[in-house]
Amino acid sequence: DSGVTQTPKHLITATGQRVTLRCSPRSGDLSVYWYQQSLDQGLQFLIQYYNGEERAKGNILERFSAQQFPDLHSELNLSSLELGDSALYFCASSVVGFGDTQYFGPGTRLTVL
Amino acid sequence: GQQVMQIPQYQHVQEGEDFTTYCNSSTTLSNIQWYKQRPGGHPVFLIQLVKSGEVKKQKRLTFQFGEAKKNSSLHITATQTTDVGTYFCAVRGGSQGNLIFGKGTKLSVKP
């Protein structure tokens, strides 16, 4: 158990819909990262937050947005969903976020029908 | 931006055979991390290498960092079915020094 929690575990929705994925980092970690992993693909970095502020952006679509709240939990919002958005979405956290070790949550499996 | 090439993409071995995956960068790295993702699981941190020429061992796993700090390898001796999974290397990159992951090497082990 990494100490990072993600909800929900599974999500099935239809094209055009909007969903919110939730992540709680390890106690004491200030940085949260979001990754997308499609079937048999690598980890695509989406975005990083540090202590409530956006720090780094990866290949995140404009339809996707994220935020980190004062209690450090984070949410990833995916809107106007397309079939191709079906994937595993991982949240990870680290102490400070400058390339330090990342601890991954169990992931949310999103299926868009 | 920083990129890291990881090879091979897939490796199928017979149980008991050795396995090696490589990570290569065109630029000098400050450090490199290795992660393992079991099938159906999430990536789990294995180790971090920092020094030039560094070699670290974890039971049957041997991690090496090249002398020029541009490449690294993970070697598994006498693979077991529990070694199945995808092995990722990760390096610091990007404008904020966040981790950049390699595409991973997927290892399958035939009993």
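A note on names: the letters A, B, ... follow the listed sequences, proteins ahead of strands, and every chain is numbered from 1. Atoms considered below: every heavy atom in the structure, side chains included; atoms not considered: hydrogens, waters and symmetry mates.
Contact annotation for A:Y50: neither backbone nor side-chain heavy atoms come within less than 4.5 Å of a heavy atom of chain B.
Taking the side chain as every heavy atom from C-beta outward, A:S2 and B:V44 never approach each other to under 4.5 Å.
Atom CZ of A:F45 and atom CG of B:L99 lie 9.5 Å apart (nearest 0.5 Å). Interatomic distance, CG of B:L46 versus OG1 of A:T101, reported as 10.5 Å (0.5 Å rounding).
For residues 82-95 of chain A, a heavy-atom distance under 4.5 Å to chain B picks out A:F90, given by residue number. Of residues 33-41 of chain B, those residues with a non-hydrogen atom less than 4.5 Å from any non-hydrogen atom of chain A are, in numerical order, B:Q33, B:Y35, B:Q37, B:G41. The interface of residues 22-30 of chain A with chain B, defined by heavy-atom distances below 4.5 Å, is empty.
Environment of OH in B:Y22: sparse, with no more than 12 heavy atoms of neighbouring residues, nucleotides or ligands closer than 6.0 Å. No more than 12 heavy atoms of other residues, nucleotides or ligands sit less than 6.0 Å from atom CD of A:E62. No more than 12 heavy atoms of other residues, nucleotides or ligands sit less than 6.0 Å from atom CG of A:N59. Counting non-hydrogen atoms of neighbouring residues, nucleotides and ligands closer than 6.0 angstrom, the NZ atom of B:K103 reaches no more than 12 such neighbours.
Each of A:K57, A:Q102, A:Q44 has some count of heavy-atom pairs under 4.5 Å with chain B, and the biggest count is that of A:Q102.
Follow the hydrophobic side-chain contacts under 4.5 Å out from B:F63 and you reach B:I76 in the same cluster. Using a 4.5 Å cut-off between side-chain heavy atoms of Ile, Leu, Val, Met, Phe, Trp and Tyr, with links allowed through other members, A:L21 and A:Y33 fall into different hydrophobic clusters. No continuous path of hydrophobic side-chain contacts links A:L76 to A:L72 [ILVMFWY only; heavy atoms under 4.5 Å]. Residues A:Y49 and A:L43 are members of separate hydrophobic clusters, defined by side-chain heavy-atom contacts under 4.5 angstrom among Ile, Leu, Val, Met, Phe, Trp and Tyr. A:L46 and A:L61 fall within the same hydrophobic cluster, defined by Ile, Leu, Val, Met, Phe, Trp and Tyr side-chain heavy atoms under 4.5 Å apart, directly or through other members.
Of all non-hydrogen atoms in A:G105 and B:H42, the two that sit nearest each other are O-CB, 3.1 Å.
With ring centers used as reference points, B:F101 lies under 6.0 Å from A:Y35.
Applying the side chain to side chain donor-acceptor pair (under 3.5 Å) definition to pairs two or more places apart or across chains, none involves residues 103-113 of chain A.
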